[in-house]
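Notes follow once the structure below has been shown.
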Amino acid sequence: MDYQFKEIERKWQQFWAGHQTFKADNNSSKPKYYVLDMFPYPSGAGLHVGHPLGYIASDIFARYKRLKGFNVLHPMGYDSFGLPAEQYAIQTGQHPAITTETNINTYRRQLDQIGFSFDWSREVRTSSPDFYKWTQWIFMQLFNSWYNKAADKAESIEKLVKHFETNGSAGIDAVCDEDILSFTAADWKAMSNHQQQEELLKYRLTYLRESTVNWCPALGTVLANDEVKDGFSERGGYPVEQKKMMQWSMRITAYAERLLQGLDTIDWPEPLKEMQRNWIGKSIGASVKFRIAKGQMRNEEDKNSAIGIPASDFIEVFTTRVDTIFGVTFMVIAPEHELVPFLTTPEQKAEIDAYIAQTKKKSELDRMADAKTVSGAFTGSYVINPVNNEKVPIYIADYVLAGYGTGAVMAVPSGDQRDYLFAKHFDLPIVPIIDIQKIETEADPTKEGRYINSDFMNGLNYKEGTAKVIEFLEQKGVGKAKVNYRMRDAIFGRQRYWGEPVPVYFKDDLPHLIDEKDLPLLLPEIDKYLPTETGEPPLGRAHGWSYKPHPNPPREGGLPAHEAGSYRETADPVYYEQLKDFSRENRKQPTEAENILWQLLRKDQTGYKIRRQHAIGQFIADFVSLQKGLIIEIDGHHHKLNKEADDARTEILNHLGFEVIRFTNDEVLESPQGTFEIIKQKLNALPERDKSLFTGEAALSNGKVSPTGGDLEGAEAGFEYELSTMPGWAGSSWYWYRYMDAHNDKEFASKKAIEYWKDVDLYIGGSEHATGHLLYSRFWNKFLVDMGWAFEEEPFKKLINQGHIQGISEKIYRTRGIGNMMWYPGNSQPIYNPTPDGEVYIIFYSADFARESSELQLLNLPIGFCENSKLHIDKYLDWAGLKIDDVIFVTKDSFLFKGQWFEKNKDQIDLSYSPVTSNKPFFTKPEVEKMSKSKWNVVNPDDIIARHGADTLRMYEMFLGPLEQSKPWNTNGIEGVFKFLRKFWKLFHDDQFNFRVSDEAPSKAELKSLHKIIRKVEEDIERFSFNTSVSSFMIAVNELTDLKCNKRAILHDLVIVLSPYAPHISEELWELLGNKAGSLSYAPYPKFNPEYLVEDDFAYPISINGKMKLNLNISLALEPADIEKFVLESPDVQKYLDGKTPKKVIVVKGRIVNIVI
RNA sequence: GCUCGGGUGGUGGAACUGGUAGACACGCAGGACUUAAAAUCCUGUGAUCCUAAAAGAUCGUGCGGGUUCGAUUCCCGCCCCGAGUACCA
């Protein structure tokens, strides 16, 4: 048989799953190797060809490491909390858990068919309670910790309390809020518990603080920074406002220095490290206090006014050029600076107020656009320069940012360009302070030269001067050397539903952690995924969402009380309807086991009415008897690997008053009758249920499942839970530890497991996580290390950024006038002559394989699509200077019209028209951009696999180019890879496709080919150059085909070498070669023997004056002098010499001969 | 503006620390096998010039210089593309 990839791939994928071939062992004498992929968010669009790029690379690496004798941990999971599912829920009412589950199933199916060697027994989902239990737990540990600067690590808050009790606040050097109190031990003891807790909150690593959030009134939610583009929501394009809220924050700034230093110890791409360095933004300089000139502050008369008393009588600035302090001629503070009201004199009040009003109006966008125009206002007050006691005026200006440093700068116009422009604008003096400064037209920030006009610094150089002035300021007590970081503490909360609940409740306005044994704090069911009418987060809708600190003792075996309410209680009506739709669909497609069992359970053969695929609470039960309250679940293979999740589900169903029995698919298939008997017995044994429970009449407000596991009296305790949920990065900040010990219900991962696996040896993922996930993960990791639960200061030793596979969007433009717009293939710019009433239509279509499926998708456009696209289109309107009145969707061969324009014009449209070949007035412009569902340029791997198989997809994705490089997707070369695999298959078969290998001893040439590839693949994999290995495989197979080699000795090793890249075909041939099925994954990688590559002679390239002219075969044994002699005597070379004597001859042994004439 | 990448045939891309530029594929052209098509196989394929042909010559890795026997690779200046970031004191 010819190469039958479909059967082969199915066969081996089943084999690997069935035999758990890639299950990693936590106890192994082999050296460990941890290969990790950034786990995906399971979006509704499924995988596109860009996703697997990194997974394929890591899989090749993992498989290669197994061959090299490592115990490899190569897991996969889902970052399954997130916004899209929630947004979808808001629109459709479908529970995010359902969307997520559906999407995960799609992902899993798609991943499975690519043949990854993941250890699925360790799968994690951040949205599953047994995972987020530990996310919540780590949050609690952070809450219970503070950062001791003296020890340079996080420590338990109890230790801090002890210190306060014995020494008060003296001697504590902590990373904390600025407004901490100074107190003695006696003061501390005198404080109320409430006061003490308030004080401690200023030290905790997670703490509450008032922060600004992006509030989108139209969507009714808070948005993350990356969901806001230019002041509008990315989704929908609605305006976003800044709103102040109490928010949970993480004191990541405590780790700024360690996060920065750690970068030097890890093998990450330089650009990525650079991004983190910039984000942390360390600058070394000094802080200086400028005393406010007496008599200038309004507070002299306003002391008892409503505004209150200013916090200080000086303004502190941060500067990186404290050496230029003698050049200070004015000071600028941010318009938002807290002292502005006190500094503004009555004469200046109008001007200042006007300026502040103007600033407030400006959006971020305007502010950026105005960057070059100078604006500001004088407060009327002055500060005293501490080095020369000169009085300098204080201005406000929006070029000074309230959020950086102290929100105030000392202006040195001679050295800083912005200060220079400001001084020119307001006619302020510019004083040169360095002898070589040239400041006629612009500021000169030089550090060279000697100081002038600088009193005690005159004549010194930069280094001396800086030291001297800091010494002077420190002596006077008005300044000191200081390191400033740009990084801010991270906001750790979103006013959203689909995230981890924060395990905190409020009592007397103070946050308290819930009891650790009440974890996980389950996400409650709510009726709508929107904020409450009073503007509280969605969790505010949950009934009974309050905490009783000491819940009921654990249940003893039996069922919980049945009186809890209707089994429909946890579902809101919309969602419940949705579930019912799902179950109807499910009923149409029963699995084999379900079907067999249904034949037995239907028709009242049990004596009870059994329903199948019935919606219960938030789940769909496979079979249920409502009368007896029994649920029968049939678990597929996949479920076995997710026992924890099933247990959680069982528990919830139990709580709703149902008993759950489970059978596996295999059990049912093996013994349907036996299964039936068990069910029947169970039904008979159970008591009759109270019918009123199942009428669904029970009011929805009757109370929901309490997060504490069965106790509905929590509401009475009256302690309200925190209503925000954790941000998207919470779960991903520690998940790699969970893979080490994925089913541990005592710890997030056992110490033993963490000691064994330690850290991630190779991490592959996109660079878009540079300043998010990758920074937060390092932060949490350092915290876990500080607390002694993890052991490696850096979690990801080596990191590779895979490039993005981009999509090609073909955009088609059209005028209403005929013939004045043309498209020329190959022209990078379309030629465009707009008509007076010119209108343009922009169309997206997907290239290649996605075409057919896109067409179908296009016909079922979701509402909101047009709106979404219009945002995208706006850019082109600007470019073309046109207005749009509609959007057309098109594929290569036909148009699909949608929208008003189509409705108006459909009679006149020739639907057979092809824009690509026609010279009608359309033109297209292909554009490379991110592959994304919203751009309709997604190419799906399923199509490729159907046509050419997973092995071809794997090799082709690698063959496309260097892993780290972004590239547009095209399938131009895929035939070449497919042909290669067929050629490889044919090496093992005769012309009739009978398997035929020879046991003859291999020839020298064959061994040479083999050992070349053995070495090449080793080298390439170690440096992540997968594309070049694919080329080398092709060369090797071409060579062996030419040699007609079907020798077992060669092919055996070749199969091993190829197997990481094309595992399915390799496994099949491995088995055909007579090896034990499945043993290939752990076969030893062949040993490279350099002897086979040794050559006797070499075709030396001979260059004349550096230009290659000819090759001469010369023995490699010859030394340079002999080579030179041989070459010069050669008649071919003589011809070039033309009787002249060469000036010089360069001979590099084994490389080249160059003759200079 | 700043920081970091990157510019090599018609295309994707090779070329290890300076040593035969264009590996390997795709595409294209021609041929073989076929009634035909598909599949497969063979040959050619950077540009220009020259030759009946063989052979040969010149130019070629964004542009301009430099170092070197020799530069895609190293150095200086510039242009273009991509990514990140931005009034950061």
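Chain A is the first sequence line, chain B the second, and so forth, proteins listed ahead of strands; every chain is numbered from 1.
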Note to self: Output one letter per nucleotide in nucleotides 10-15 of chain B: B when a protein non-hydrogen atom lies under 4.0 Å from the base, S when only the sugar-phosphate is that close, - when neither is.
What the structure shows: --BSSS

Which atom pairs link the protein and nucleotides 68-73 of chain B when you take only N or O atoms and keep those under 3.5 Å?
unit_1, atom_1, unit_2, atom_2, d
B/rC69, O2', A/Asn1154, ND2, 3.2
B/rC69, O2, A/Asn1154, ND2, 2.5

Contacts table for residues 403-414 of chain A: side-chain donor-acceptor under 3.5 angstrom, sequence neighbours left out:
unit_1, atom_1, unit_2, atom_2, d
A/Tyr404, OH, A/Ser283, OG, 2.9
A/Tyr404, OH, A/Asn484, ND2, 3.3
A/Thr406, OG1, A/Glu316, O, 2.6
A/Ser414, OG, A/Val431, O, 2.9

Margin query: Is there a side-chain contact (heavy atoms from CB on, under 4.5 Å) between A/Arg277 and A/Lys282? Walk through the geometry before answering.
Written below: CA-CA 8 Å; A/Arg277 283 190 195 107; A/Lys282 179 179 183 176; over 6 Å; no

Next item on the list: Quick one: label A/Glu270 by what it contacts on the DNA or RNA (base, sugar-phosphate, nothing), any heavy atom closer than 4.0 Å.
Entry: nothing

Check: Between A/Gln276 (side chain) and A/Lys273 (backbone), is there a donor-acceptor pair under 3.5 Å?
Finding: no

Next item on the list: Calculate the interatomic distance between A/Lys273 atom NZ and B/rG5 atom C1'; express it in whole Å.
Entry: 16 Å

Notebook entry, point to check: Whole-Å distance between B/rA89 P and A/Lys289 NZ?
Noted result: 22 Å

Notebook entry, point to check: Roughly, in whole Å, what's the span from CZ in A/Arg418 to P in B/rC87?
Noted result: 9 Å

Next item on the list: With heavy atoms under 4.0 Å as the rule, sort A/Lys979 into base, sugar-phosphate or nothing.
Entry: sugar-phosphate

Next item on the list: Could you tell me whether A/Asp419 contacts a base, only the sugar-phosphate backbone, or nothing, with contacts defined as non-hydrogen atoms closer than 4.0 Å?
Entry: nothing

Next item on the list: Figure out the CZ/P separation between A/Arg1151 and B/rU17, and round it to whole Å.
Entry: 11 Å

Checklist line | Expected output: side-chain A/Asp1097 to main-chain A/Ile1114 donor-acceptor under 3.5 Å | finding: no

Next item on the list: Return the set of residues passing ring pair (Phe, Tyr, Trp, His ring centres under 6.0 Å) with A/Tyr1100 (not counting sequence neighbours), or none when no residue passes.
Entry: A/Phe1098

Notebook entry, point to check: Whole Å only: how far is the CE atom of A/Met275 from the P atom of B/rC88?
Noted result: 19 Å

Note to self: Could you tell me how far apart A/Tyr420 (OH) and B/rG1 (C1') are, to the nearest whole angstrom?
What the structure shows: 19 Å

Notebook entry, point to check: Between A/Phe1098 and A/Met1034, which has a closest nucleotide on RNA chain B that is more 5'?
Noted result: A/Phe1098

Notebook entry, point to check: Between A/Ile1114 (CD1) and B/rU20 (P), how many Å, whole number?
Noted result: 15 Å

Note to self: I need the CZ-P distance between A/Phe290 and B/rA89, as an integer number of Å.
What the structure shows: 16 Å

Note to self: Just to be sure I understand the rule, does A/Ser1103 reach a base, reach only the sugar-phosphate, or reach nothing, if contact means heavy atoms closer than 4.0 Å?
What the structure shows: nothing

Check: Picking from B/rA21, B/rU40, B/rC4, which would you name as closest to the side chain of A/Met1108?
Finding: B/rA21

Notebook entry, point to check: Are A/Thr253 and A/Tyr485 close enough, and set up right, to give a side-chain hydrogen bond (donor to acceptor under 3.5 Å, both in side chains), and what steps lead you there?
Noted result: CA-CA 8 Å; A/Thr253 47; A/Tyr485 297 94; over 6 Å; no

Side-chain atoms of residues 1144-1157 of chain A: list all donor-acceptor pairs with protein atoms under 3.5 Å, sequence neighbours left out, distances to 0.1 Å.
unit_1, atom_1, unit_2, atom_2, d
A/Lys1149, NZ, A/Glu1119, OE2, 3.2
A/Asn1154, OD1, A/Gly1106, N, 3.0

Check: Can B/rG60 be described as syn, meaning its chi torsion is within 90° of 0, or is it anti?
Finding: anti

Notebook entry, point to check: Which stems does RNA chain B form, counting runs of 3 or more consecutive Watson-Crick or G-U wobble pairs with both distances under 3.5 Å?
Noted result: B:1-7 with B:79-85, B:10-12 with B:24-26, B:27-32 with B:40-45, B:46-49 with B:56-59, B:62-66 with B:74-78

